[in-house]
K.L.:
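One structure, pasted below without further comment.
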Amino acid sequence: MNTRAPVLESAGSAKAPVLQVENLRVEFPTRRGTLVAVDDISFRIDPGEVLGVVGESGAGKSLTGAAIIGLLEPPGRIAGGRILFAGERIDTLGRQEMRRLRGRHIAMIFQDPLTSLNPLYTIAHQLIETIRTHLDMSERAARKHAIELLFEVGIPDAGKRVDEYPHQFSGGMRQRVVIALALAAHPRLIIADEPTTALDVSIQAQIITLLKRLCVEHGTSVMLITHDMGVIAETADRVAVMYAGRIAEIGAVQQVILGAMHPYTHGLMGSIPMIDRDMDHLVQIDGAMPRLTEIPPGCAFSPRCKEAMPTCFSERPDLARVGDAKVACWLFEGDEKTGRRSEEANAAGKGSDPDAARLEAEANSDIADRAKERASAGASDIDRKTDEIEGRTATMADGTDDILVQVSDLARDFDISPPLLNRIFEGGKRSVVQAVDRVDFSIRSGRTFSLVGESGCGKSTVARLIVGLYTPSGGRIEFEGRDLARIDGRGEIEGIRKRMQMIFQDPYASLNPRWRVEDIIAEPIRAGNLLQGRKAIDARIAELLVQVGLSPLDGRKFPHEFSGGQRQRISIARALASRPEFLICDEPTSALDVSVQAQILNLMKSLQKELGLTCLFISHDLAVVRHISDEVGVMYLGRLVEWSDAATIFDAPMHPYTRMLRDAIPDLKMTGQDRIPVAGEVPSPLNPPSGCHFHPRCPHVEERCRREIPQSTRRDGRLVACHAFEEGRLPPSKSSIPDDSIRNPE
Amino acid sequence: MPFTDDHERRQPGTTDLAAAAESGGTLARARDRLHRFVDSDVFYSFRKSPITVAAFAVTLLCFVCAFGAPWIAPHDTNDVATLDLMNAELPPVWLEGGDWRYILGTDDQGRDVLSAIMFGMQVSLIVGFASVIFAMVLGVGLGLISGYVGGRLDHFIMRVADVQLSFPSVLVALLLFGFAKTVLPRGMQDDVAILVLIFAIGLSSWVQFARTVRGSTMVEKNKEYVQAARVIGRRPLPIMLQHILPNVMGPVLVIATINLALAIITEATLSFLGVGVPPTQPSLGTLIRFGNNFLFSGQWWMTIFPGTALVALALAVNLLGDWLRDALNPKLR
């Protein structure tokens with residue numbers, strides 16, 4: 001490796017690209033023919049540049065990364081094209097040479113920090129091994145270097161923690177260690193495959209900031225593969241949008257995000273719910289990305305494209321330069337170039353005055369505004385606003401008139417202590433996790449109430465308590481004013497349960513794979529004896545399938561024949577089968593791609609309107625929550641910390657935790673800006689901090705917060721559980737003032 | 001229409017198939033199903049593995065020989081009237097003194113070894129299948145309950161299973177046999193010997209089923225489709241039988257196949273020890289035991305041929321089980 005390094009250095013000293021991919025093609029030979037997973041893509045990455053690669057699942061983005069680093073799983077193989085690293089071909093290198101390159105010059109960061117470290121070895125062992133494999137260092141020097149690396153990625157007390165095992169680190173800390181591993185040999189290129197997807201929002205913000213800082217400091221180039229446009233907007237310099245194995249659009253991040261040219265990118269941007277705006281309807285791209293086995297001839301996007309022309313169905317567009325970006329779309333080829341689109345592109349692409357360009361671009365082509373234009377009624381927004389104000393006063397004024405679900409003092413403990421015998425012989429202690437700790441809220445009929453919070457905050461437990469999957473250890477759940485725990489008659493409680501249904505998170509796990517779709521949907525009808533006779537049931541199934549946007553013929557199929565979005569539709573149909581009034585949705589879109597998420601959210605909104613459903617919506621995604629809900633409750637470590645209506649909670653959050661969450665969301669329009677993420681991690685629910693659970697991370701902490709559990713205080717139509725709020729020493733909300741958040745633009 | 005989006009794209013092929021099945025009735029549906037089976041990955045992996053195909057052929061041959069024995073066997077060994085001591089201890093045809101009527105030779109009673117193997121295999125297979133089915137029903141049932149209900153019941157069932165495992169299966173069978181011998185009147189013993197054998201072998205192998213099913217049940221019961229069924233208001237028993245059972249049957253089939261070979265061998269062992277089926281209905285194990293007495297006096301064919309048949313049958317079934325395990329394991333696909 002010592003002989004190779006100088007060659008690579010000299011080659012890279014000019015402004016030559018670090019990585020150049022030319023016409024790369026990745027194939028998977030199967031017995032049913034060859035699948036082309038990555039089809040003729042070309043791009044380059046310059047020194048110090050962050051190239052974002054976005055796309056929905058199955059677009060081929062991860063495979064591109066794997067092909068570059070030489071880790072394609074057989075039978076996948078590179079079937080064409082060239083990969084040049086620092087001017088040298090690397091796709092033809094042998095295994096031995098590739099191994100020398102990997103880790104030394106190109107490093108990789110994987111998605112799941114839980115599995116990318118070996119649990120059997122200490123962090124020190126793993127870091128030193130990596131360092132000594134690639135750099136000529138003594139054991140002691142390597143150890144010193146390892147500690148420096150850990151310090152650099154922000155691990156406190158690095159000198160001591162280096163000798164700990166991976167399980168002693170939290171998820172965010174582990175991802176930092178993985179980054180330290182990647183940086184160990186000072187690589188020139190890091191391929192980061194969804195580095196923040198497995199992490200909570202607040203941790204995600206920390207990791208993004210860290211990655212960005214390190215790249216600037218070390219001059220490392222990064223290929224950032226993710227499905228999250230927000231992460232790309234914050235991190236990347238340029239972005240490539242992939243669709244069905246091809247690059248649809250590639251260009252500077254501002255240009256692509258604010259002035260998207262390809263109809264797919266355009267639709268993708270519109271389908272992302274925005275945190276700072278109310279939208280009645282999301283732009284949606286109908287259908288789903290084609291499976292690899294059935295990619296249509298011509299442009300792969302043509303069947304879903306609203307602006308498709310005859311050429312689109314027969315001929316494949318190549319990437320063509322439009323302004324500063326490249327787009328693979330017939331709309332931009334030759335004479336077809338339409339005025340509107342190029343203007344838009346030019347407005348965003350003008351590089352002379354970035355601020356003016358951004359403002360202009362925002363004015364011209366604000367994503368949210370575009371979404372609004374396309375949404376059906378402009379006036380409904382105003383209606384909703386007034387409605388909300390009325391709603392707020394009514395709920396907060398203890399109006400019990402039309403409250404459908406009332407939860408008071410709800411608590412649930414989980415006993416996770418070892419079995420009795422082990423406790424006796426090994427002296428283990430009884431340990432109890434308070435997953436839900438005295439939560440109060442009420443949902444008025446016809447409204448949507450959302451619970452948000454990071455993983456482990458107890459929001460899903462609340463949902464499962466209400467629906468009866470768990471029994472509460474304290475408190476009451478009232479449905480139409482009747483305490484569910486006090487209803488004795490089995491028939492009666494079943495009658496009430498029938499009126500609440502649940503939609504689950506994972507569309508792949510929530511449908512029994514051995515059942516036909518019609519049987520899945522009919523299950524609540526048959527179980528509750530709601531309809532008699534095969535004919536009546538069949539008719540109802542067909543009606544439900546049509547209602548959720550599927551065809552009655554789909555009833556005969558099995559779940560595996562459907563895509564994720566379609567499965568979630570089936571899930572919704574099943575939930576609606578018993579004609580419930582109250583629907584509990586537990587992260588119904590978090591497993592779906594953005595464009596499909598928009599379809600499902602739109603469907604749920606229209607169904608709610610049509611059927612007058614009351615909803616409890618559980619999510620970690622604040623933007624989705626804002627889009628769908630009337631009122632929002634924020635949970636932290638089992639407690640409800642803030643409860644208000646949706647617009648208030650996001651435009652002027654009060655509780656320091658809500659503010660932190662709000663600030664942690666990557667903002668599509670803040671391209672290229674730095675933010676200071678809130679430090680710290682969610683403490684273990686096993687051993688929560690005393691007093692206010694949030695006090696170790698809170699900027700407004702005082703002595704009282706460490707001792708006393710804050711009670712909810714009601715003011716200005718919102719409930720906040722915070723001592724600082726109660727005492728009136730919270731500064732006014734910052735995030736509603738945009739100037740404050742735009743700091744030191746690059 | 002309340003929603004604004006179009007129906008998501010569907011694969012044209014499957015729609016046509018579904019439509020055809022709809023219109024053509026049961027015949028078309030059966031043909032469709034057959035077509036899907038021939039086209040499936042499981043069948044493909046079968047076709048691509050010559051060892052599996054060979055194992056399947058051997059198994060099939062054994063089945064045909066065993067259950068077709070009354071029609072295709074050269075002699076009816078159960079009919080004592082056909083036996084002739086003059087033909088006793090004849091060697092196989094290719095040896096000096098061999099007789100074409102008795103291809104694999106005869107035993108000390110003048111019984112045709114080939115026919116005896118065919119009839120014996122029938123007994124072996126019946127005992128094997130019955131005991132595996134018994135073990136499967138017992139084990140799957142207990143495993144389902146154990147995994148789904150959990151808590152103390154789970155602990156109890158699993159500790160019983162642990163105790164069961166600490167006895168060698170042959171010992172369990174011997175104990176049961178001893179018990180049956182003392183309890184049952186003499187006249188009944190021969191009649192119920194086969195039932196006792198099935199019970200004994202089944203009882204010694206249910207633990208494996210129970211453990212596997214319990215494990216998968218604990219995984220499946222936390223999946224959202226089971227929770228959805230609970231939210232819908234289904235009772236535990238329908239949930240176990242309709243939702244969980246079909247989803248845990250894959251590994252059960254694999255264990256059953258492998259256990260079939262094991263059960264056949266266990267039966268042979270017990271018969272060899274003399275506690276198995278009565279001598280009037282000889283199984284492969286009984287034949288081996290009888291032949292064993294003549295092994296050192298030069299009449300090796302009496303024990304070697306039944307032994308070879310046993311090895312071939314057990315090996316073939318085992319290989320089929322291995323293939324099934326790999327074919328049903330999505331990780332290895």
K.L.:
Crowded around B/Phe156 CZ? As in, over 12 foreign heavy atoms under 6.0 Å?
P.N.:
no
K.L.:
Take atom CZ of B/Phe167 as the centre, draw a 6.0 Å sphere, and report whether it contains more than 12 heavy atoms from other residues, nucleotides or ligands.
P.N.:
no
K.L.:
Would you please go through residues 515-526 of chain A and name the residues with a non-hydrogen atom below 4.5 Å from one of chain B, in numerical order?
P.N.:
A/Trp515, A/Arg516, A/Glu523, A/Pro524
K.L.:
Grab the two heavy atoms, one from A/Phe504 and one from B/Val231, that are nearest each other, plus how far apart they are.
P.N.:
CZ-CG2, 4.2 Å
K.L.:
Look only at the side chain of A/Arg514 and the backbone of B/His243, and say whether a donor-acceptor pair between them is shorter than 3.5 Å.
P.N.:
no
K.L.:
Sort out for me which of A/Arg497, A/Met502, A/Gln501 touches chain B most, counting heavy-atom pairs under 4.5 Å.
P.N.:
A/Gln501
K.L.:
Using a 6.0 Å cut-off, check whether atom CZ of B/Arg159 has over 12 heavy atoms from anything other than its own residue.
P.N.:
yes
K.L.:
Report which part of B/Glu220 has an atom under 4.5 Å of a heavy atom belonging to chain A: side chain, backbone, both, or neither.
P.N.:
neither
K.L.:
Is A/Leu469 in contact with chain B via its backbone, its side chain, both, or neither, using a 4.5 Å heavy-atom distance?
P.N.:
both
K.L.:
So how far is it from A/Lys498 NZ to B/Ile232 CD1, rounded to the nearest 0.5 Å?
P.N.:
11.5 Å
K.L.:
Under 3.5 Å, sequence neighbours excluded: what are the donor-acceptor pairs made by side chains of residues 51-63 of chain B?
P.N.:
unit_1  : atom_1 : unit_2  : atom_2 : d
B/Thr52 : OG1    : B/Ser49 : OG     : 2.4
B/Thr59 : OG1    : B/Ala55 : O      : 2.6

K.L.:
Write down the atom of B/Gly233, the atom of A/Glu494, and the distance for their closest heavy-atom approach.
P.N.:
O-OE2, 4.3 Å
K.L.:
Mind listing the closest non-hydrogen atom pair of A/Ser510 and B/Ala228 along with its distance?
P.N.:
O-CB, 4.5 Å
K.L.:
Quick one: of A/Asp506, A/Val467, A/Ile503, who has the most non-hydrogen atom pairs under 4.5 Å with chain B?
P.N.:
A/Asp506
